[in-house]
Protein chains: 2
Amino acid sequence: MARKRGSHSDITGPKVRTAALRLFARHGFAAVSMRQIAGEVGVQAGALYLYTPDKQTLLFDLMKEHMDELLSAWDHTEKGRTPFSQLEAFSRFHIRFNLERPEAIFIAYMELRNLSSENFGKIEKLRKEYEDKLEEILCFGQTTGDFLVPDTKLATMAVIAMLTGVNTWFRQEGRLSRERVEEIYWDMVRRSVAK
Amino acid sequence: MARKRGSHSDITGPKVRTAALRLFARHGFAAVSMRQIAGEVGVQAGALYLYTPDKQTLLFDLMKEHMDELLSAWDHTEKGRTPFSQLEAFSRFHIRFNLERPEAIFIAYMELRNLSSENFGKIEKLRKEYEDKLEEILCFGQTTGDFLVPDTKLATMAVIAMLTGVNTWFRQEGRLSRERVEEIYWDMVRRSVAK
DNA sequence: GTCTATAGAAAGATAGAC
DNA sequence: GTCTATCTTTCTATAGAC
């Protein structure tokens, strides 16, 4: 009964982040004004500063939250014991996770240069952490003799780039289901590294 | 003897484009002001409008010129007659061309959303034209029985994403030469589509 | 062809009323 | 917690002198 008006910080806070995510993804961080974000949320521009100290921190928080979620989600994913099952798990996980949050992914790749150098360092560290998960799998496959990879660092970058590329063209209503896309990409990834 | 001062449009014009290319690539189109570009060139902000009608056209011209150059360069590349030789030519060409002009590539991928919808359409058409070159090679390999690709559209996107990814991590002074990187990527591309 | 000067709009952020 | 009002800066683009 109480609090019909006022005290909306538990609601407005997330709304600000959602609106910023959408707008940053669509038009780019530098091209979006605080007034536009406020307009989406339905508050005045000044009110945004109740939820973030400044625009830069708003961007950083979105990216940080995304990276934490990515690493946590992978940690909770069933991987199997063989190199092949782990690589398949990674390929499918990466495609699925990315397709579920295209806006956050877009920002994570496009807005790195708009981070302050301090914030950039923190995000880069998390991104590296994620890449290392894949590299470990490739190394594992090398030791078992399942994979043949001339350079695991390069193969890691190549596979991630290939998988991430799905987001640039995949459409929900398109010709292929997400499941089918996973299938085809996993097949290409497997062949590109299998002995 | 004449024209020590004045009449520099044949020099200043290119300088404007070079400066814009550098700055757009480094900080993003929306984050760069006409004053910054003018500062790099060594003229006043107002003088830029002698060389471009507005900021949007400056971006479009950079991207258009880049795409024309890309298509023309591929047309003049030796390709061989077999699917394998053509795919190798494409893989090596793509990596080499991209590494030779990282700034233009960066802009071509990052600033699409900052084009007016009319300009976007023109650039997209050229990009599609380039992708079709690769798809034709994959189709060719399918008919000869050299390649086994479940879906040529997807394989096209996957291969291009993989090759384009090189630009995100390659450094001139790094561990691997461009030639060696070409070698490794061509090997992965080949294995991912070969029968 | 470049300059200064400036118009006119919009940006990020803050102050203080309610 | 949100509002209006506003400070200060910066932006794109133009006008007119030289």
Side-chain angles (χ1 to χ4, degrees), chain A residues 1-24 26-63 107 111 113-119, chain B residues 1-24 26-62 107 111 113-116 118-119:
Chain A
M1 196 98 101
R3 289 216 290 151
K4 266 213 174 138
R5 295 184 203 204
S7 210
H8 288 290
S9 80
D10 49 340
I11 295 228
T12 308
K15 274 173 76 177
V16 168
R17 298 156 80 91
T18 306
L21 192 77
R22 253 178 45 100
L23 289 169
F24 289 167
R26 189 160 306 179
H27 305 108
F29 173 76
V32 172
S33 71
M34 295 299 266
R35 279 173 180 78
Q36 275 177 276
I37 299 171
E40 280 263 318
V41 176
V43 301
Q44 296 291 322
L48 292 183
Y49 292 87
L50 295 166
Y51 308 99
T52 181
D54 52 38
K55 200 185 171 193
Q56 163 72 206
T57 305
L58 183 53
L59 174 63
F60 173 71
D61 286 346
L62 290 174
M63 294 180 74
I107 291 173
E111 303 298 353
R113 62 184 165 184
N114 283 310
L115 290 172
S116 69
S117 67
E118 189 189 359
N119 287 340
Chain B
M1 198 97 103
R3 288 216 290 149
K4 264 210 176 141
R5 294 180 203 205
S7 211
H8 289 289
S9 81
D10 49 340
I11 295 230
T12 309
K15 273 173 78 177
V16 169
R17 298 157 81 91
T18 306
L21 192 77
R22 253 177 45 100
L23 289 168
F24 290 168
R26 189 160 307 178
H27 305 110
F29 172 76
V32 172
S33 71
M34 295 298 266
R35 276 175 181 76
Q36 278 177 274
I37 299 171
E40 280 263 317
V41 176
V43 300
Q44 295 290 323
L48 293 182
Y49 292 87
L50 295 167
Y51 308 98
T52 181
D54 50 41
K55 199 184 172 194
Q56 163 71 207
T57 305
L58 183 52
L59 174 62
F60 173 70
D61 286 345
L62 289 175
I107 291 173
E111 303 298 354
R113 63 184 165 183
N114 283 310
L115 290 172
S116 69
E118 189 189 357
N119 287 340

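In what follows, every chain begins at residue 1, and chains take the letters A, B, ... in the order their sequences are listed.
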At what distance, to the nearest 0.5 angstrom, does [atom1] of [X] lie from [atom2] of [Y]?
X         : Y         : atom1 : atom2 : result
Phe29(A)  : Asn114(A) : CZ    : CG    : 6.0 Å
Thr12(A)  : Leu50(A)  : OG1   : CG    : 9.0 Å
Asn119(A) : Asp61(A)  : CG    : CG    : 8.5 Å

Gap between atoms CG and C1', on Leu50(B) and dT14(D) respectively (whole Å):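 In whole Å, dT14(D) C1' and Leu50(B) CG are 12 Å from each other.
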Length of the line joining Leu48(B):CG and dA13(D):P, which is rounded to integer Å: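 The distance from CG of Leu48(B) to P of dA13(D) comes to 10 Å, rounded to the nearest Å.
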Residues forming a salt bridge (charged side-chain N to carboxylate O under 4.0 Å, His left out) with Arg26(A), sequence neighbours excluded: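 Applying salt bridge (charged side-chain N to carboxylate O under 4.0 Å, His left out) to Arg26(A) gives none.
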Salt bridge flag under 4.0 Å for residues Lys55(B) and Glu111(B):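 Here Lys55(B) does not pair with Glu111(B) in a salt bridge, since their nearest N and O are not under 4.0 Å apart.
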Sequence-aligned protein contact record of nucleotides 10-15 of chain C, with B where the base is within under 4.0 Å of a protein heavy atom and S where only the sugar-phosphate is: -BBBB-
